[in-house]
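Reviewing the structure listed below.
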Amino acid sequence: MDKKNALRAGALAAGTTLMMLMMSSPALALTRDDGDDPAQKLSVIETLGLYVAAPIGLFALIAGLVWVLDGSTDRQPRRKPGGKGQGKMQGPDQVRAS
């Protein structure tokens, strides 16, 4: 990349970053808006329970239900025709190497 393109890309990135910072400044305001009603803060235990334990518990519950309610009885992997321990395929489906 030559200097002109690098300068153009840097100016574009800086301008975009500056515009994003200027547009997000009201989000950092300390005054509350009308209708703003913040809830009580969560403790560390409540936060860990809500964002760590609950998703892991839901995953375990769903995985357990799938495992228990799975109706398939075939648990052994099937061998491919012509594989180890089996005879070669015979008949019209047989592919012959030339």
Side-chain angles (χ1 to χ4, degrees):
M1 183 183 287
D2 60 353
K3 278 188 170 184
K4 192 174 187 180
N5 284 342
L7 184 62
R8 189 177 297 160
L12 180 66
T16 304
T17 304
L18 183 63
M19 288 300 293
M20 293 298 283
L21 286 173
M22 286 174 46
M23 305 252 321
S24 67
S25 62
L28 302 174
L30 295 177
T31 58
R32 291 210 169 99
D33 291 333
D34 291 339
D36 186 16
D37 188 19
Q40 294 177 350
K41 293 184 178 181
L42 295 176
S43 69
V44 174
I45 299 299
E46 291 171 333
T47 303
L48 288 175
L50 184 63
Y51 294 109
V52 176
I56 291 173
L58 283 173
F59 175 79
L61 175 70
I62 293 169
L65 286 173
V66 168
W67 182 61
V68 168
L69 299 176
D70 183 22
S72 64
T73 57
D74 183 21
R75 299 282 182 200
Q76 298 296 326
R78 295 185 181 180
R79 293 184 180 175
K80 294 183 179 179
K84 197 173 189 179
Q86 294 181 349
K88 300 263 184 193
M89 280 181 31
Q90 300 296 327
D93 293 339
Q94 179 66 35
V95 177
R96 298 186 192 276
S98 299

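Residues: numbered from 1 along the sequence shown.
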Quiz item: Quick one: side-chain contact (heavy atoms from CB on, under 4.5 Å) partners of T17, sequence neighbours excluded?
Solution: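 T17 satisfies side-chain contact (heavy atoms from CB on, under 4.5 Å) with L21 only.
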
Quiz prompt | side-chain contact (heavy atoms from CB on, under 4.5 Å) involving K41 - partner list, sequence neighbours excluded | solution =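 side-chain contact (heavy atoms from CB on, under 4.5 Å) list for K41, sorted by chain: empty.
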
Quiz item: Taking C-beta and beyond as the side chain, do M19 and T16 meet within less than 4.5 Å on heavy atoms?
Solution: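 In short, these two side chains do not touch, never coming nearer than 4.5 Å.
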
Quiz item: In the hydrophobic cluster built from side-chain contacts under 4.5 Å, what are the other members alongside V44?
Solution: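 In the cluster with V44 are L48, V52, I56.
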
Quiz item: Would I45 and L42 show up in the same hydrophobic cluster when neighbours are defined by side-chain heavy atoms closer than 4.5 Å?
Solution: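 Different clusters.
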
